[in-house]
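A short write-up of the structure that comes next.
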Number of protein chains: 2
Amino acid sequence: MEYYLNIIKQNNLKLTLRRIAVIKLLLNEHRLFTVAEVRHRLKNDFSRVGLPTVYRILQQFREIGLVQTALSANDHLRYFICTSRKHDHHHFICSQCDRVYCLDYCQQNQIEKYIETELHARADYHYLQIVGLCEHCRLPKAQDSD
Amino acid sequence: MEYYLNIIKQNNLKLTLRRIAVIKLLLNEHRLFTVAEVRHRLKNDFSRVGLPTVYRILQQFREIGLVQTALSANDHLRYFICTSRKHDHHHFICSQCDRVYCLDYCQQNQIEKYIETELHARADYHYLQIVGLCEHCRLPKAQDSD
DNA sequence: CTCTAAACAGAAAAGATTTTCATTAACGGG
DNA sequence: CCCGTTAATGAAAATCTTTTCTGTTTAGAG
């Protein structure tokens with residue numbers, strides 16, 4: 001938590017109550033959130049939360065690398081927080097519960113070679129998103145009956 | 001060209017003049033287009049082209065796999081046509097000219113193993129987008145002076 | 001070629017996202 | 001702790017995207 005608040009300060013953004021609440025929410029559940037969901041949750045804590053504010057906070061957080069975005073199946077943008085402190089890494093997203101898991105898997109070197117050989121081009125970076133069923137959703141749990 | 005028109009028919013969509021014009025445009029330049037760009041180009045051929053029509057055509061084409069989408073740096077959705085006839089494949093995008101190149105590179109098997117081992121989860125599919133400088137943009141050409 | 005059914009296209013309206021601007025909150029220096 | 005500076009916020013407006021609805025076009029049968 002402290003770590004994330006420091007990132008905010010280091011980027012010359014103020015530690016406002018709404019920003020802190022957004023971080024708390026995303027940290028509490030490592031899953032994809034729509035803008036509307038985030039706002040809905042914030043309404044529990046604040047009498048007034050403008051939708052533009054939520055859009056702005058999420059976009060700013062994305063610009064400073066604090067949160068990331070992923071497209072859902074219908075091309076709608078959703079936000080999540082990264083717990084990995086590596087600058088560049090990829091994610092696994094569960095298609096059932098929307099939870100996000102950070103990965104160490106990265107093939108940048110291989111990709112650079114492939115692009116150089118096949119296209120005579122230069123690969124600067126790549127974006128990889130893996131979708132499937134996470135451990136929780138994969139195993140039907142007999143004790144859970146909801 | 002015939003190939004793409006057949007896909008449209010096979011998906012019970014009619015071959016309208018506007019749809020054909022969109023296919024022609026995207027085939028002519030294998031690069032990313034915004035909705036507004038596509039509409040602007042269509043205005044050359046048609047006196048009236050509603051923006052909703054352009055949105056609809058591009059989304060329908062995406063649903064039947066005829067075109068694909070990619071996010072630009074500022075998270076805006078853009079469309080391009082795939083020349084590869086493989087069902088699942090990935091793309092290289094030039095950050096300078098927005099050209100798109102289809103790739104054969106795919107690590108699905110490796111990824112499945114990695115996700116199984118590390119997360120005890122199941123990887124169903126993945127999305128990979130590689131960004132860099134293509135052959136044209138990488139080599140400064142002395143003869144081109146614009 | 002004409003007719004018919006089904007789907008398309010444009011206009012207008014609705015919904016979502018972003019910008020503008022006046023007020024309010026954060027934070028460093030007294 | 002209080003004040004001044006600077007940035008953040010919400011409301012309203014602007015812009016972008018999607019839906020609804022109705023007249024038009026396509027495609028296939030005759």
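The sequence lines fix the lettering, A, B, ..., with proteins before strands; numbering per chain opens at 1. Only a predicted model underlies this, so the values are computations on that prediction, with no experimental measurement involved. Values below: all heavy atoms of this structure, side chains included; hydrogens, waters and symmetry mates excluded.
- At whole-Å resolution of the value, CG in B:L42 and P in C:dC8 are 16 Å apart.
- Atom-to-atom, CD1 of A:I20 to P of C:dC27 comes out at 8 Å; the value is rounded to the nearest Å.
- A:K14 contributes no side-chain N or O that forms a donor-acceptor pair with the base of C:dA25 under 3.5 Å.
- The separation between B:L51 atom CG and D:dT19 atom C1' is 14 Å, rounded to whole Å.
- Distance from the side chain of A:L17 is smallest for C:dA26 among the nucleotides C:dA9, D:dT9, C:dA26.
- Taking atom CG of residue A:L58 and atom C1' of nucleotide C:dT18, one finds them 14 Å apart after rounding to whole Å.
- In terms of heavy atoms, B:L133 sits closest to A:A121 at O-CB, 3.1 Å.
- Ring-plane geometry between A:F80 and A:H91 is classed as perpendicular, the angle between the planes exceeding 60 degrees on a 0 to 90 degree scale with a lower cut at 30.
- The side chain of B:R48 sits closest to C:dG10 out of C:dG10, D:dA27, D:dG10.
- When each of B:Q59 and B:T16 is assigned the nucleotide of DNA chain D with its nearest heavy atom, B:Q59 is the one assigned upstream, toward the 5' end.
- Checking D:dT19, C:dG10, D:dT9 against every side-chain atom of B:P52, the shortest atom distance belongs to D:dT19.
- Atom pair B:N11:CG and D:dT26:P shows a separation of 20 Å (rounding to whole Å applied).
- In this entry the distance linking CZ of B:R39 with C1' of D:dT15 reads 14 Å, nearest Å.
- Residue B:R19 places its side chain closer to C:dA9 than to any other of C:dA25, C:dA9, D:dT9.
- Heavy atoms of B:V35 sit nowhere under 4.0 angstrom from any nucleic acid atom.
- Geometrically, A:R99 does not engage A:Y101 in a cation-pi contact defined by less than 6.0 Å to the ring centre and at most 45° from the axis.
- In this structure, A:R18 forms a cation-pi arrangement with A:F46, its terminal cationic atom sitting closer than 6.0 Å to the ring centre and no more than 45° off the ring axis.
- Remark: A:R18 is in phosphate contact with D:dG10, judged by side-chain N or O atoms under 4.0 Å from OP1 or OP2.
- Clustering ILVMFWY residues whenever any of their side-chain heavy atoms sit less than 4.5 angstrom apart, transitively, puts A:Y127 in a cluster other than the one holding A:L71.
- When rounded to the nearest whole Å, the span between CG of A:L13 and C1' of C:dG28 equals 17 Å.
- Remark on DNA chain D: of its neighbouring residues B:R56 and B:H76, the 5'-side contact belongs to B:H76, judged by nearest-heavy-atom nucleotide.
- The interatomic distance linking B:I8 (CD1) with D:dA27 (P) rounds to 10 Å, in whole Å.
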